[in-house]
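Working notes, structure below.
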Amino acid sequence: MKKTMTVLILLAQVGIINSKSYAADEKKSSSDKMDLEQLEKKYWSAKDDDYAVVQNRTFTKEHRFYVGVSGGIPINDPYSTGQVVDLSTGYFFNERWGVEYSRSNYTYRNNDSTDQFINAHQTVPNHNVISGSQSVNLIWVPFYAKMSFLNTKIIYFDMGMSAGIGQTSWESQVASGNKSGTAQSYNIDLHQTFFFSKLMAIKVNYRNIFTNETQYQYGSSSASLGTKSISDTQLLVGLQFWF
């Protein structure tokens with residue numbers, strides 16, 4: 001009988017100990033769960049479903065002015081070859097958007113095809129030669145990146161586009177001399193800027209200018225051939241200086 005009572009007492013004590021241990025484990029689990037919920041509320045919210053790329057910009061453009069000078073060549077002119085000199089100045093409101101004023105001077109001459117036509121037919125093909133342009137442009141820069149050059153230097157660059165409105169001047173060759181004219185023009189540029197320091201960058205610009213130009217017949221100084229939409233494309237490379 002004594003042995004039976006002893007066994008029952010021991011079993012009761014084991015039950016009490018297990019009950020206390022289970023209660024402690026449950027309380028600890030509940031406490032851990034509360035801690036996790038508090039962490040989620042503090043560091044995670046619905047807005048975190050939208051992700052954005054975060055980059056540290058070594059050379060920034062925001063609230064800065066620049067001036068630039070560049071030179072280039074025509075790409076698609078069927079009659080002329082030569083050089084383009086462009087001067088520009090601009091300002092960036094932030095890293096994406098900016099404005100620019102650009103003024104270009106063109107030193108064009110007949111290309112080989114035009115000279116061959118003149119020699120063969122003893123006359124000049126009816127065409128206009130662009131002599132100058134100016135425009136005000138809105139700049140958008142959606143791309144920013146870094147690249148390694150031969151594993152020795154990191155180069156920072158932007159890639160963007162700009163659209164603008166301005167005025168283009170041209171000359172038309174006629175028998176009695178050259179006739180000049182101007183017209184409103186529109187341009188769309190694709191450009192890439194390589195930053196080498198806070199104050200200097202190299203810009204490569206692929207420019208397209210669209211103008212409705214009046215053309216004249218070579219044999220007459222007054223006979224107009226009407227208005228024709230002309231696209232002038234140039235490739236420009238130059239320096240930018242930032243302030």
Side-chain angles (χ1 to χ4, degrees), residues 47-78 80-109 111-112 130 132-166 168 185-210 231-243:
K47 64 181 178 63
D48 292 325
D49 292 337
D50 299 325
Y51 296 96
V53 176
V54 178
Q55 295 192 67
N56 58 323
R57 289 178 177 266
T58 302
F59 306 117
T60 61
K61 305 185 297 298
E62 185 174 7
H63 303 316
R64 297 183 67 191
F65 290 92
Y66 70 86
V67 294
V69 57
S70 59
I73 57 174
I75 298 297
N76 69 331
D77 196 314
S80 305
T81 186
Q83 293 79 39
V84 185
V85 176
D86 179 82
L87 299 176
S88 61
T89 182
Y91 176 79
F92 271 84
F93 306 105
N94 51 47
E95 296 299 329
R96 297 294 182 205
W97 295 96
V99 292
E100 178 188 72
Y101 172 75
S102 173
R103 187 180 185 93
S104 299
N105 183 65
Y106 303 83
T107 307
Y108 281 6
R109 61 185 182 277
N111 60 20
D112 292 340
I130 186 172
S133 66
Q134 56 183 328
S135 63
V136 176
N137 308 308
L138 178 65
I139 305 172
W140 179 45
V141 182
F143 302 106
Y144 167 76
K146 309 171 187 178
M147 64 182 177
S148 171
F149 178 71
L150 297 178
N151 289 331
T152 59
K153 184 176 179 60
I154 297 296
I155 298 177
Y156 303 85
F157 66 93
D158 288 341
M159 184 180 295
M161 60 190 68
S162 58
I165 184 172
T168 297
S185 59
Y186 304 91
N187 62 282
I188 299 176
D189 300 4
L190 301 176
H191 45 79
Q192 193 161 338
T193 306
F194 300 88
F195 292 88
F196 291 96
S197 73
K198 183 179 180 180
L199 301 178
M200 191 186 75
I202 293 178
K203 181 178 180 180
V204 181
N205 190 14
Y206 186 79
R207 174 183 293 167
N208 302 273
I209 303 175
F210 305 92
S231 172
D232 291 292
T233 304
Q234 304 109 31
L235 179 63
L236 304 169
V237 180
L239 293 175
Q240 284 185 334
F241 301 93
W242 290 80
F243 305 95

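Taking all atoms of both residues into account, the shortest heavy-atom contact from Ile165 to Asn187 is N-OD1, 4.0 Å. Here the closest non-hydrogen pair linking Ala201 and Trp242 is CB-NE1, 4.0 Å. Taking each heavy atom of Ser231 and Phe210 in turn, the nearest pair found is OG-CE2, 3.6 Å. Nearest heavy atom pair, residue Ser80 against residue Pro74, reads O-CG, 4.2 Å. When every heavy atom of Asp77 is checked against every heavy atom of Asn111, the shortest pair comes out as O-ND2, 3.9 Å. Closest approach of Gly82 and Ile73 over heavy atoms only: O-CG2, 3.8 Å.
A side chain to side chain contact (heavy atoms under 4.5 Å, CB included) with Phe194 is found for one member of Met200, Met147, Lys203 and no other, namely Met147.
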Point to revise | Stepwise side chain to side chain contact (heavy atoms under 4.5 Å, CB included) test for Leu239 and Ile202 | key: CA-CA 5 Å; Leu239 293 175; Ile202 293 178; 3.8 Å; yes
Check your understanding: Stepwise, does the side chain to side chain contact (heavy atoms under 4.5 Å, CB included) test hold for Phe195 with Thr58?
Key -> CA-CA 9 Å; Phe195 292 88; Thr58 302; over 6 Å; no
Exercise for review: Give the C-alpha distance, both sets of side-chain angles, the deciding distance and a yes or no for side chain to side chain contact (heavy atoms under 4.5 Å, CB included) between Gln83 and Gln234.
Suggested key: CA-CA 9 Å; Gln83 293 79 39; Gln234 304 109 31; over 6 Å; no
Practice item. Assess whether side chain to side chain contact (heavy atoms under 4.5 Å, CB included) is satisfied between Val204 and Leu236, documenting all intermediate values. Key: CA-CA 6 Å; Val204 181; Leu236 304 169; over 6 Å; no
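The closest side-chain heavy-atom distance from Asn208 to Tyr186 is not below 4.5 Å. Here the side chains of Asp232 and Tyr106 are not in contact, with every heavy-atom distance at 4.5 Å or above.
Residue Phe143 places its CZ atom among 12 or fewer non-hydrogen atoms of other residues, nucleotides or ligands, all under 6.0 Å distant. A 6.0 Å sphere centred on CG of Asn76 holds more than 12 heavy atoms belonging to other residues, nucleotides or ligands. For Trp97, the CH2 atom sits in a packed shell: over 12 heavy atoms of surrounding residues, nucleotides or ligands are nearer than 6.0 Å.
Within the model, atoms CG of Asn105 and OG of Ser133 stand 9.0 Å from one another, a figure rounded to the nearest 0.5 Å. Atom-to-atom distance recorded for Ser88:OG and Asp189:CG is 10.0 Å, nearest 0.5 angstrom. Between Phe65 atom CZ and Phe92 atom CZ the span is 12.5 Å, to the nearest 0.5 Å. Taking CD from Gln240 and CG from Leu199, the interatomic distance works out to 12.5 Å, rounded to the nearest 0.5 Å. Distance check, rounded to the nearest 0.5 Å: NZ of Lys61 to CG of Asp158 gives 3.5 Å. Separation of atoms CG (Leu190) and CG (Leu235) is listed at 11.0 Å; rounding is to 0.5 Å.
Remark: side-chain polar atoms of Asn137 are not paired, donor with acceptor, to backbone N or O of Ile139 under 3.5 angstrom. Not one N or O on the side chain of Asp86 forms a donor-acceptor pair closer than 3.5 Å with the backbone of Ser70. Using modelled atom types, one side-chain atom of Glu95 and one backbone atom of Glu62 make a donor-acceptor pair closer than 3.5 Å.
Taking the ring centroids of Tyr91 and Phe93, they lie under the 6.0 Å cut-off.
For the residue pair Tyr206 / Gln192, no side-chain donor-acceptor distance below 3.5 Å is found, with atom types taken as modelled.
Using a 30° and 60° split on the angle between ring planes, Phe59 and Tyr156 fall in the perpendicular class, above 60°.
Ion pairing between a basic and an acidic side chain is recognised when a charged N comes within 4.0 Å of a carboxylate O; Arg207 and Glu100 show no such pairing.
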